[in-house]
2 protein chains.
Amino acid sequence: MSSTRLREHVDAESKLDEDTVNHRVELRLWLRLLTCANLIEAEIRKRLRENFDTTLPRFDLMAQLERAPDGILLGELSRRMMVSNGNVTGLVERLVQEGLIERQVSERDRRAALVRLTERGAAVFAKMARAHSDWVAELLAGLSAQDQKALWSRLGDLKLSVRVATEGDGDAMAQPDPEEDR
Amino acid sequence: MSSTRLREHVDAESKLDEDTVNHRVELRLWLRLLTCANLIEAEIRKRLRENFDTTLPRFDLMAQLERAPDGILLGELSRRMMVSNGNVTGLVERLVQEGLIERQVSERDRRAALVRLTERGAAVFAKMARAHSDWVAELLAGLSAQDQKALWSRLGDLKLSVRVATEGDGDAMAQPDPEEDR
DNA sequence: CCGAATTAGTTTAAGGTTAAAGGAAATCGC
DNA sequence: GCGATTTCCTTTAACCTTAAACTAATTCGG
């Protein structure tokens, strides 16, 4: 599966020299997209650390819990965060340690565990979420509301393009999109 | 510095309830941008692993070296990759181990070390770069060349916005933009 | 020259991340 | 019922990443 899934390179002998196929536009777009995401993410990580002594993954996890007041299973959490199970195990461990979330083995299914914010966790998260929201707005302040919407829309096309290109690709790619739920 | 650098909250007593300031558009844009970047990055990481048994950071490092045939100092490498010095130390170590790059202590300054691709490293990278380029093009294939250019352009505005909002922020934020050099 | 400050890299401690292997509970098919 | 399979989660090994502390070499000011 891995050797042929890229493209059909049936034209191995093609006169249209394969080496000259230079996807410059695509590459430049991808690199700029990555730069933007990295710049913003780095700044947010830095501020979370400086202002709240926490990390982005922890913040993201708590954001998921805030939207599920009745708790959520670890597996579901893992799916929504788009990270591995093992990753969630560790994050949850640390947040429980900090007293910001609590975990509770399910009654009906003793393999499963529910996690939810503690009261303190909810209070702390509320503060962080406000700040986070302000930070993002500050970083994007150079774009008009119109520009922002236009960009958002175009990124929707991009997302679709990527999904189409990768679907059926790996196993269980039916990952729910975290952003749309917000 | 950290408490006032966000915004001037001079209107602490403002009747326009601060809590109701909901930067929804900005947040949605940021989340979608992040989703797009993560989807593409995850797919590229996966393919690098499956097809070349390597990682994105290693690929990125080699990409920098390919553009500097005469070698490059570790510090400069760190700056161009926008990662910490210590990070580069480890990556270089592993790539040297694999025989893909070589390091050489500078004659004139015995603190400094030059790294460059080995012959084998250059050959391996050439293959990877071709594949990588094809992958990116494949993932973005759903967008017309026009859409791609438009998106690239808008992301330029975004990048500028972020740079303006963060400049002077931390120390030495004058990081050269990796993408523009390409 | 020589002490102070700067600069290039490394080390360390802590954490985030994954794939793969594994343990334990629940479910499925007879 | 009960063995096989699936599902939920944890563990492990390896890697990536950073900030902060550190080492060693260079440069700067007298």
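Letters A, B, ... are given to chains in the order of the sequence lines, protein chains preceding strands, and every chain is numbered from 1.
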Practice task
Kindly write out the residues that satisfy side-chain hydrogen bond (donor to acceptor under 3.5 Å, both in side chains) with R103(B), not counting sequence neighbours, or none if the list is empty.
Solution key: none
Problem - Aromatic ring proximity F59(A)/F52(A), centre distance under 6.0 Å - result: no
Problem - Range on DNA chain D touched by chain B, heavy atoms, distance below 4.0 Å - result: dC15(D) to dT26(D)
Problem - Ionic contact status for E138(A) with R47(A), cut-off 4.0 Å - result: yes
Handout entry: Residues that T54(A) engages under side-chain hydrogen bond (donor to acceptor under 3.5 Å, both in side chains), provided they are two or more places apart
Key = none
Handout entry: Salt bridge flag under 4.0 Å for residues R80(B) and E76(B)
Key = yes
Practice task
Check every strand shown and say whether R45(B) touches a base, only sugar-phosphate, or nothing at a heavy-atom separation below 4.0 Å.
Solution key: nothing
Problem - Backbone of K149(A) reached by a side-chain donor or acceptor of S153(A) within 3.5 Å - result: no
Contact list (N/O, under 3.5 angstrom) for nucleotides 20-25 of chain C vs protein:
| from | atom 1 | to | atom 2 | distance (Å) |
| --- | --- | --- | --- | --- |
| dA25(C) | N3 | R111(A) | NH1 | 3.3 |

Practice task
Mind checking T55(B) for me? I need base, sugar-phosphate or nothing, with any heavy atom below 4.0 Å counting as a touch.
Solution key: sugar-phosphate
Practice task
Not counting sequence neighbours, list each pair that qualifies as a side-chain hydrogen bond (donor to acceptor under 3.5 Å, both in side chains) and has a residue in residues 116-128 of chain B.
Solution key: Q104(B)-R116(B)
Practice task
Check every strand shown and say whether L56(B) touches a base, only sugar-phosphate, or nothing at a heavy-atom separation below 4.0 Å.
Solution key: nothing
Problem - Shared-cluster residues of L114(B), by chain and number - hydrophobic side chains joined below 4.5 Å - result: L73(B)
